[in-house]
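In what follows, a structure is listed as structure tokens, so that the remarks can point back to it.
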Amino acid sequence: MDVGRSLLFLLLTSIFLLPSHSQSSDSFTSVLVSQNGLDFVKNLLVNKAIASIIPLQIPRIEKYMRIPFLGGIDVVVSNLTIYELDVASSYVKLGDTGVVILASGTTCDLSMNWHYSYSTWFPPIEISDQGIASVQVEGMEIGLSLGLKSDEGGLKLSLSECGCHVNNINIELEGGASWFYQGMVNAFKDQIGSSVESTIAKKLTEGVSDLDSFLQSLPKEIPVDDKAALNVTFTTDPILKDSSITFEIDGLFNKRKTNHVLKSFRESVSSVICPGNSKMLGISVDEAVFNSAAALYYNAEFMQWVVDKIPEQSLLNTAKWRFIIPQLYKKYPNQDMNLKISLSSPPLVKISEQYVGANVNTDLVINVLEANKVIPVACISLVIRGSGALQVMDNNLGGSVSLQDFSMTLKWSNIGNLHLHLLQPIVWTVIQTVFVPYANDHLEKGFPLPIIHGFTLQNTEIICSSSEITVCSDVAYLDSSQLPQSHLSLPRSMPWKTK
């Protein structure tokens, strides 16, 4: 089962949410990003923005000046390049109309070439000089105002404002008679400052556009295997509460290659509470998600199989049953058998504060193998009650189940009445050695939690409440050398792309 794909880039987009107070009963998975999570993503984006825009080329500047006794002088500043950028502080602020990201106390270092020339009228000759210069920009502030809305199940990013302001510039010339021309080049401070401001603002605007295109291209379902996919459409605009953001996605299992969705009803939208809000992220999964998966695989006739090999193989011969069901052995002496197990209805998962469990209704058909024929002789209806243990592995939510108890009734028989209490040890053995290991083999693989590719959950804690579980976790970022390839990677041209 290939479940290693991210369910939805929620960490990255969480700082661009447009707050809303609407709720939807069509959501079965909720994600809360705490202030710690917002700060983590903000710091990561700032670092990635710096790494991706450096070096940054500034357009050349030309200026014509008139100087007493010399006349008109042409001055050119070229190869103006930002090669270092340092952000002293930054913060993300949630507002009424969107989210503001501000970097203040920013400094950047630039290099440039300078050249001037002028002509004398007597004698008619051209005089010129050139050199290099270092430029330091201080006290620069960079700000973005962004909004994000749900759009036909996806996300659409909008840029409200983008600005960059330079407070101070120092220029030092080198080469030529630089000491003589320092004052002349200082006249370029305002133009250099304006060029730096406009170039950085343009680069950020392009980055927001690239990120919007990336969000628009993200799939609205994630394949789990050849039968199922997770519906990851957004059902409402994000919800803003205090210093955290919650947003809702459908989260149910779909049948692949169709639009058929197995729907349930969620009574209320989860509050996704993690103790003390000390974790960066909280992900709430309603029990309806588990039940939608169970219903999908049941409808796909995936939950039925024939058992012809078990650890105690002698149980699959009528000789072992001679004292339990004498009429079976009498009619079919020393004949091999198999057991057909099929669910008569989808498993029902129930979650409470103290318990995660499931009830499974199963038909157990006893077959005798005679002369290349499969002869059904009896069918026993089972109600199996199991308890579950959940765990997070990588970015997947998986677990295991253990048998609590079961009950039996005779559904039909071609060999007369059966004493079910005598059959109980054999059925118990079959459930423990066949049914439970088979279920756990699939359950331990789990299904993907909504984390963007490139991030991984750390220090997870699982909390059970009425009808849902919440995964509370911190988050770490892995660089490209630690990541498998994925179709959900960030666009290369965005200024804060992940590597």
Side-chain angles (χ1 to χ4, degrees), residues 1-14 27-34 36-38 40-41 155 218-225 228-235 238 244-254 266 269-274 279-294 296 349 351 356 388-400 442-465 467-478 482-484 486-489 498:
M1 183 183 296
D2 180 12
V3 294
R5 298 293 180 262
S6 58
L7 216 279
L8 296 257
F9 47 88
L10 300 182
L11 259 182
L12 182 65
T13 59
S14 62
S27 165
F28 298 90
T29 299
S30 304
V31 177
L32 177 145
V33 182
S34 68
N36 287 342
L38 293 173
F40 170 83
V41 178
L155 294 171
L218 287 170
K220 295 181 181 179
E221 69 173 24
I222 296 178
V224 176
D225 57 21
L230 281 171
N231 184 339
V232 293
T233 56
F234 288 83
T235 60
S244 65
I245 296 174
T246 302
F247 52 106
E248 309 287 334
I249 62 177
D250 182 287
L252 294 184
F253 281 72
N254 292 357
R266 190 180 190 184
V269 175
S270 169
S271 57
V272 197
I273 297 176
C274 293
K279 300 292 186 180
M280 295 181 184
L281 190 68
I283 304 172
S284 171
V285 182
D286 192 85
E287 64 185 23
V289 174
F290 303 97
N291 289 324
S292 72
L296 186 146
V349 177
I351 301 174
V356 177
L390 298 172
Q391 60 179 330
V392 175
M393 300 156 293
D394 297 325
N395 289 343
N396 293 342
L397 177 62
S400 61
H442 288 77
L443 291 174
E444 69 180 9
K445 298 174 184 177
F447 65 89
L449 289 168
I451 299 295
I452 191 171
H453 180 72
F455 295 85
T456 183
L457 298 176
Q458 288 188 340
N459 306 318
T460 56
E461 178 183 359
I462 297 177
I463 300 173
C464 297
S465 58
S467 77
E468 65 187 18
I469 64 102
T470 300
V471 177
C472 301
S473 180
D474 291 326
V475 179
Y477 173 72
L478 303 177
Q482 299 170 282
L483 294 175
S486 169
H487 65 284
L488 285 179
S489 56
T498 59

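Worth saying up front: this structure is predicted, and the values here are computed from it rather than measured.
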Side chain to side chain contact (heavy atoms under 4.5 Å, CB included) partner of N395, the single match among V475, T456, V471 = T456
In Å and rounded to the nearest 0.5 Å, what is the CG to CG distance from L281 to L38?
-> 10.0 Å
Interatomic distance, L457 atom CG to I283 atom CD1 [nearest 0.5 angstrom] | 5.5 Å
For residues S473 and V392, determine if any side-chain heavy atom of one lies less than 4.5 Å from a side-chain heavy atom of the other.
-> no
Kindly compute the distance separating CG (L449) from OG1 (T460), expressed to the nearest 0.5 Å.
-> 9.5 Å
Is S284 close to T470 at the side-chain level, that is, under 4.5 Å between some pair of heavy atoms?
-> yes
For D394, which residues count as a side-chain contact (heavy atoms from CB on, under 4.5 Å) partner, sequence neighbours excluded?
-> none
Please determine, by modelled atom types, if N231 and T233 share a side-chain donor-acceptor pair under 3.5 angstrom.
-> yes
State, yes or no, whether a side-chain contact exists between P448 and N396 at a heavy-atom distance under 4.5 Å.
-> yes
Output the distance between atom CG (L443) and atom CD (Q391), rounded to the nearest 0.5 Å.
-> 10.5 Å
So, E248 and T235: side-chain donor and acceptor under 3.5 Å apart, yes or no?
-> no
Can you see which heavy atom on A288 is nearest to which on L252, and at what distance?
-> O-CD2, 3.5 Å
Rounded to the nearest 0.5 angstrom, the CZ-CG distance for F253 and N291 is 11.0 Å
Do I462 and L397 pass the side-chain contact (heavy atoms from CB on, under 4.5 Å) test, and can you show the C-alpha distance, the side-chain angles, and the key distance before you say yes or no?
-> CA-CA 10 Å; I462 297 177; L397 177 62; 4.2 Å; yes
Report the distance from atom NZ of K279 to atom CD1 of I463, rounding to the nearest 0.5 Å.
-> 9.5 Å
Looking only at heavy atoms, which two atoms of V356 and C464 are closest? And how far apart?
-> CG2-SG, 3.6 Å
Do you know the tightest heavy-atom contact between M280 and D474?
-> N-OD1, 3.3 Å
Is the closest side-chain heavy-atom distance between F447 and F290 below 4.5 Å?
-> yes
